[in-house]
Every structure is written in structure tokens, then in C-alpha cells.
Amino acid sequence: QVQLVESGGGLVQPGGSLRLSCAASGSFFSINAMAWYRQAPGKQRELVAAITRGSSTNYVDSVKDRFTISRDNAKNTVDLQMNSLKPEDTAVYYCNARAKIPPWGVEYSYWGQGTQVTVSS
């Protein structure tokens, strides 16, 4: 199994920045795609950014040019640098990872516990 631990959330003013981090641990052959999702109250969970093992990235349009996802394959971590934050970015942010698990290398999806990001004056 894989455990994902997130950190870096908090309260920030509009226009400010936060950096979220997610560390993966456990028993796995490899971690393939990693991603950050978010869910605001009363709204569906939204894919914010994703990154492959080869560091190809994709972003939802609303965060392009403001957020940057990155990963360190040696450390099994993924970060989300969030700049120029807006009140509409307020949500619980969840780390997701798809990992190949022993003994047969089947790929499963795992979730972190979530970290709150609040953008407000």
C-alpha cells in the first residue's frame, strides 16, 4: 500500500503564495502519475494539476500560469507551487498517486488526507 502525507496548506491573502507538498511512502514498485485535486464546499472534486513520472504536466485552465506542479522521483514527493492566489482557489487540496503494487504490479490509486487552503483578506 501507499501512504500520502500532505503539508503546506494554510491561510493566505489574495495575491499571495503557498507551496503544497506530498510525500509517498509504503510498499510499491513505482509511482506513475501524481496529481493534485481540490474540492470547495458544495462543489465537485476538481483535477487541478497532474504530472507523469517523466515530468510531463497538465493544468486546469483556471490555474494555468499561476500554479506549478513538480516531483522528485528519488524522494517520491510531489509539490504544488501556488502563486497569485485568488479567493476562488479556496478548497481542500488532495494529493493523488497511481502506484504499481506488489506482487503483480497492478496499478492502484491512492489519496492523501487533504490540506485546507484558504485565500482571504
Side-chain angles (χ1 to χ4, degrees):
Q1 61 179 355
V2 178
Q3 296 82 46
L4 301 175
V5 179
E6 298 138 322
S7 62
L11 175 64
V12 66
Q13 294 183 344
S17 298
L18 284 174
R19 188 176 183 89
L20 306 183
S21 296
C22 174
S25 62
S27 180
F28 49 86
F29 291 130
S30 65
I31 294 177
N32 294 327
M34 302 186 79
W36 288 95
Y37 289 75
R38 66 186 180 188
Q39 187 165 219
K43 295 186 177 181
Q44 294 188 134
R45 185 178 60 192
E46 175 186 39
L47 176 60
V48 178
I51 186 167
T52 68
R53 187 170 182 84
S55 295
S56 296
T57 60
N58 283 287
Y59 302 90
V60 68
D61 285 346
S62 61
V63 308
K64 287 181 178 178
D65 303 319
R66 298 190 297 120
F67 291 10
T68 301
I69 188 170
S70 60
R71 67 186 291 173
D72 186 329
N73 292 335
K75 296 180 179 180
N76 292 315
T77 60
V78 61
D79 291 354
L80 185 68
Q81 178 67 48
M82 304 184 294
N83 299 325
S84 302
L85 283 162
K86 305 174 181 179
E88 50 263 45
D89 295 318
T90 296
V92 177
Y93 284 70
Y94 297 92
C95 178
N96 176 267
R98 298 191 64 85
K100 295 187 180 298
I101 307 300
W104 305 302
V106 177
E107 189 174 73
Y108 294 93
S109 181
Y110 295 89
W111 294 93
Q113 79 286 353
T115 185
Q116 178 70 48
V117 172
T118 302
V119 184
S120 179
S121 298

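Scope of the values below: all heavy atoms of this structure, side chains included, with no hydrogens, waters or symmetry mates.
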Worksheet item: Between the main-chain N or O of V119 and the side-chain N or O of T90, is there a donor-acceptor pair closer than 3.5 Å?
Response: yes
Discussion item. Would the distance check show the side chain of R66 and the main-chain N or O of M82 forming a donor-acceptor pair, the cut-off being under 3.5 Å?
Written reply: no
Worksheet item: Under a 4.5 Å cut-off applied to non-hydrogen side-chain atoms, are L11 and S120 in contact?
Response: yes
Discussion item. How close do R38 and A91 get, counting heavy atoms only, and between which atoms?
Written reply: CB-CB, 3.8 Å
Discussion item. Restricting to non-hydrogen atoms, name the atom on I69 and the atom on A35 that form the minimum distance, rounded to 0.1 Å.
Written reply: CD1-CA, 4.3 Å
Discussion item. For the CD1 atom of I51 and the CG atom of L80, what is their distance to the nearest 0.5 Å?
Written reply: 10.5 Å
Fill in: Backbone of S55 reached by a side-chain donor or acceptor of R71 within 3.5 Å
no
Item to complete: Considering non-hydrogen atoms only, spot the tightest contact between F28 and A99 and give its length.
Response: CB-CB, 4.2 Å
Worksheet, complete the sentence: Here the pair of heavy atoms bringing Y59 nearest to A49 is CD2-CB, 3.6 Å
Worksheet item: For L85 and V12, which heavy atoms make the closest approach, and how far apart are they?
Response: CD1-CG1, 3.5 Å
Discussion item. Could you measure the distance from the CG atom of L47 to the CG atom of N58? Nearest 0.5 Å is fine.
Written reply: 8.5 Å
Discussion item. Please find the pair of heavy atoms, one from V92 and one from G114, that lie closest to each other, and give the distance.
Written reply: CG1-CA, 3.9 Å
Discussion item. Counting only heavy atoms from other residues, nucleotides and ligands, does the tally under 6.0 Å from CD of Q13 exceed 12?
Written reply: no
Practice prompt. Could you tell me whether the side chain of N96 reaches within less than 4.5 Å of the side chain of S109, counting heavy atoms only?
Written response: yes
Worksheet item: Shared ILVMFWY cluster between V63 and V117, side chains joined below 4.5 angstrom?
Response: yes
Worksheet item: Rounded to the nearest 0.5 Å, how far apart are CG of N32 and CE of M34?
Response: 10.5 Å
Practice prompt. Check for a donor-acceptor pair, side chain of N76 on one end and backbone N or O of I31 on the other, with a separation under 3.5 Å.
Written response: no
Discussion item. When you measure from the side chain of Q116 to the backbone of G9, do you find a donor-acceptor pair of N or O atoms at a distance under 3.5 Å?
Written reply: no
Worksheet item: At what distance, to the nearest 0.5 angstrom, does OG of S30 lie from CZ of R53?
Response: 5.5 Å
Worksheet entry | Heavy-atom side-chain contact between K86 and S62 under 4.5 Å | no
Worksheet entry | Interatomic spacing from OG1 in T115 to OH in Y94 - rounded to 0.5 Å | 10.0 Å
Worksheet item: Would you find more than 12 non-hydrogen atoms of other residues, nucleotides or ligands less than 6.0 Å from Y108 atom OH?
Response: no
Practice prompt. Identify whether V2 and V78 are in the same connected component of the hydrophobic contact network (ILVMFWY, side-chain heavy atoms under 4.5 Å).
Written response: yes
Fill in: Polar side-chain atom of Y37 near backbone of W111 as donor-acceptor pair, under 3.5 Å
no
Worksheet item: Given side chains that start at C-beta, do those of I101 and V106 come closer than 4.5 Å, heavy atoms only?
Response: no
Worksheet item: Ion pair present between D61 and K64, side-chain N to carboxylate O less than 4.0 angstrom?
Response: yes
Practice prompt. Take the angle between the ring planes of F67 and Y93 and call it parallel below 30°, perpendicular above 60°, tilted in between.
Written response: tilted
Worksheet entry | Verdict with reasoning, D79 to Q81, per side-chain hydrogen bond (donor to acceptor under 3.5 Å, both in side chains) | CA-CA 6 Å; D79 291 354; Q81 178 67 48; over 6 Å; no
Discussion item. With a 4.5 Å cut-off on side-chain heavy atoms, are Q1 and Q3 touching?
Written reply: yes
